[in-house]
A.B. asks: 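Dropping a structure here in structure tokens format, bear with me for questions.
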Amino acid sequence: MSGEEFFEGRSEEHSDEDPLLVVDVEGFEGPLDLLLDLARRQKVDLHEISVLALAEQYLAFVETARSMRLELAADYLVMAAWLAYLKSRLLLPEPPKPEGPSAAELATALASRLRRLEAMREAAKRLADRPQLGREVFPRVRRDEPAPSGEATFTASLYDLLAAYGRQRQRAIRTHVTVARRPVWGLVEARAALNRLLGEAGEWISLDAYLLRYVVGPEMRATVLASSLAATLEMVREGRVRLHQDAPFAPLMVRRAEPAGAPA
Amino acid sequence: MSAGLAWRGGLAIAVSNEPALATAHSEAMRMAEAILFASPEPVPVRDLAGRLPHDVDVESVLSDLQRLYVGRGINLVQVAGGWAFRTVPDLAYVLAREAAEPARLSRAAMEVLAIIAYHQPATRAEIEEIRGVSTSKGTLDALLETRWIRMRGRRKAPGRPVTFGTTPAFLEHFGLNAITDLPGLDELQGLGFLEGKIPADLDVPTPSDDLLLTDQEEPLDGDALAFGPTPGEED
Amino acid sequence: MSAGLAWRGGLAIAVSNEPALATAHSEAMRMAEAILFASPEPVPVRDLAGRLPHDVDVESVLSDLQRLYVGRGINLVQVAGGWAFRTVPDLAYVLAREAAEPARLSRAAMEVLAIIAYHQPATRAEIEEIRGVSTSKGTLDALLETRWIRMRGRRKAPGRPVTFGTTPAFLEHFGLNAITDLPGLDELQGLGFLEGKIPADLDVPTPSDDLLLTDQEEPLDGDALAFGPTPGEED
């Protein structure tokens with residue numbers, strides 16, 4: 001069955017609500033948070049969200065932001081790349097592929113990630129709502145009773161120690177000249193992005209296509225390509241991902257190396 | 001008033017069949033009351049037992065003492081694996097001025113804290129996986145500064161990432177006796193939300209703030225440290 | 001939980017003959033109890049009155065509360081112009097060991113300790129170079145008193161300065177398995193203790209708290225001392 005049948009397509013009517021979606025991204029704790037918010041707007045139980053509609057709303061949001069020349073954090077763009085990929089798989093008839101999860105499974109996984117995030121949000125709220133020491137509940141505070149002098153004991157925590165060391169090293173860092181930042185996509189960023197992207201899919205993805213489409217403006221094309229390639233190679237070396245190219249200059253296909261716990 | 005009655009009730013026992021026993025019991029209650037009152041930290045039952053006369057039934061001393069404070073402005077509660085006196089939550093409004101208003105955690109920090117609490121031992125990457133966003137340095141720093149979380153050890157996994165967990169101070173702050181008292185824990189467990197994606201196989205998805213490392217962790221050791229979080233296999 | 005019971009207990013009083021009055025009075029007793037318990041200083045009657053509802057007879061609240069604690073492990077007493085809970089004098093022997101409150105190290109001492117930990121063996125001049133300020137003798141003395149640092153030996157260098165290092169007690173106190181467990185710069189950065197790009201020349205040598213001296217050190221022993229600061233490079 002196609003993704004279209006599987007998930008009710010509600011995309012068109014939702015794109016009308018774009019103005020609503022042009023929200024201050026600062027208000028969100030990241031792309032997953034934004035997705036969660038979008039999912040809630042579908043006004044159904046989180047078990048019944050339409051992932052396809054969600055993907056489309058998210059992509060519309062990102063497009064709008066880009067057209068308004070709003071700068072989006074890399075995380076949002078990586079998620080966009082991933083959702084674009086998922087969307088294309090949901091819309092295309094599923095080819096009989098032996099390896100990797102189906103599009104529907106990926107969609108389900110995304111939905112359950114959202115539910116898990118929501119559950120942890122709720123847990124955080126319940127924790128925060130508990131009577132807290134020094135706010136709702138008070139201990140006895142030691143008063144003026146003189147402490148009988150004995151052998152002095154001292155206390156300090158590892159945190160104190162590390163903070164003290166960090167403070168001093170920080171001074172040394174500050175005395176160094178800092179060069180103005182060029183828009184580059186660092187290796188670390190690229191690596192994190194790849195991890196997120198690949199963490200979702202168990203199967204071959206043509207990376208550069210998605211990354212380039214969403215992650216970059218033209219001025220960052222080169223750096224994104226270079227960094228993702230370097231990061232990919234590094235991850236291949238570590239045995240975390242596999243890389244595959246059909247022919248010279250053909251698209252680079254990447255997939256996560258199967259870790260423990262994945263379907264055999 | 002009601003407590004006064006209760007206490008008189010306690011004394012009444014002294015005039016009962018076994019006077020000596022009753023006296024020893026209420027004397028132990030006085031001692032326990034004084035010890036718990038004077039101790040800055042919650043007192044574990046073991047410690048209390050070690051400081052009361054040997055023939056005393058500590059559990060019953062504690063439960064009688066706890067009952068004595070029911071309905072009062074102070075309660076005897078179990079927190080962080082010990083017993084302590086605390087003002088009752090419903091009087092918070094009267095006591096607000098005692099507070100050197102503690103810094104409120106941001107929503108993000110609270111979320112990271114919750115994830116660490118429910119998923120501990122948890123690495124930064126695992127936290128980020130759940131939140132879908134990278135954790136700002138300031139957030140972990142702020143949490144470490146509260147002393148509610150600590151670095152536990154390292155995960156036995158590529159990169160040997162540092163694992164985080166909560167401290168007894170966390171339990172004390174949130175009035176929990178043990179980490180398994182976290183609100184909604186069973187429910188989250190039932191839904192499979194606490195299952196780590198990383199070491200899926202043998203992992204028992206119950207948060208552990210045990211001082212001992214789990215078998216998926218190793219001590220915060222290592223030469224690897226000096227070179228940062230990348231694995232030391234430079235061959 | 002216990003608070004829930006407490007509340008119900010409180011409500012139960014309301015079913016007496018003069019519900020409103022009794023409730024107001026016992027509610028004021030609860031409040032006074034909590035306030036006195038949580039106050040760092042004895043609370044003057046005036047202050048207490050200002051924090052209880054206006055129509056409450058503070059004196060009778062206090063005397064009822066005092067009566068409630070007669071014969072207990074804690075008493076409500078008048079001290080220094082105010083009211084406070086105190087453990088009863090006859091139980092002092094039980095409480096003797098509450099005493100020694102551990103002292104906190106000053107910030108300067110903490111910094112010196114951190115440098116010694118990371119850069120050991122380190123001389124005073126080396127510590128000062130890193131900190132950019134001179135180290136008072138008092139700071140080092142205070143640190144020696146903690147028994148977390150010790151004088152290791154002398155650097156084989158002009159002036160033969162004393163080298164400092166950490167002790168096993170240091171590892172134990174900070175919960176480290178080995179001195180090399182200390183997080184490296186990258187990790188400090190990851191945890192939010194450092195910001196910005198770490199310059200390449202800012203590195204941490206591998207610290208050594210080995211009991212054996214390094215080959216840059218010689219023993220602290222008396223004979224060598226007796227001959228004064230002769231440079232050791234005669235060989």
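Sequence lines set the chain letters: A, B, ... in the order given, protein chains first and strands last, and positions in each chain run from 1.
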A.B. asks: Which pair of non-hydrogen atoms, one from A:Tyr165 and one from C:Leu185, has the smallest distance, and what is that distance?
C.D. replies: CE2-CD2, 4.2 Å

A.B. asks: Do you know which two heavy atoms are closest between A:Pro139 and C:Phe37, and how far apart they sit?
C.D. replies: C-CE2, 3.5 Å

A.B. asks: Taking the side chain as C-beta and beyond, is there a heavy-atom pair between C:Leu191 and A:Tyr159 under 4.5 Å?
C.D. replies: no

A.B. asks: Side chain from CB out, backbone as N, CA, C, O: work out which of these in C:Leu188 comes under 4.5 Å of a heavy atom of chain A, or both, or neither.
C.D. replies: side chain

A.B. asks: Counting neighbours of CD on C:Glu129 that are heavy atoms of other residues, nucleotides or ligands and sit closer than 6.0 Å, is the number greater than 12?
C.D. replies: no

A.B. asks: Tell me, with the steps shown, if A:Leu162 and C:Tyr118 meet side-chain contact (heavy atoms from CB on, under 4.5 Å).
C.D. replies: CA-CA 10 Å; A:Leu162 300 182; C:Tyr118 272 90; 3.3 Å; yes

A.B. asks: Look up atom CG in A:Asp160 and atom CG in C:Leu105, then write down how far apart they are to the nearest 0.5 Å.
C.D. replies: 8.5 Å

A.B. asks: Looking only at heavy atoms, which two atoms of C:Phe193 and A:Ala163 are closest? And how far apart?
C.D. replies: CD2-CA, 3.6 Å

A.B. asks: Name all residues meeting the side-chain hydrogen bond (donor to acceptor under 3.5 Å, both in side chains) criterion together with C:Asp64; count only those two or more places apart in sequence or in a different chain, and write none if there are none.
C.D. replies: C:His25, C:Arg67

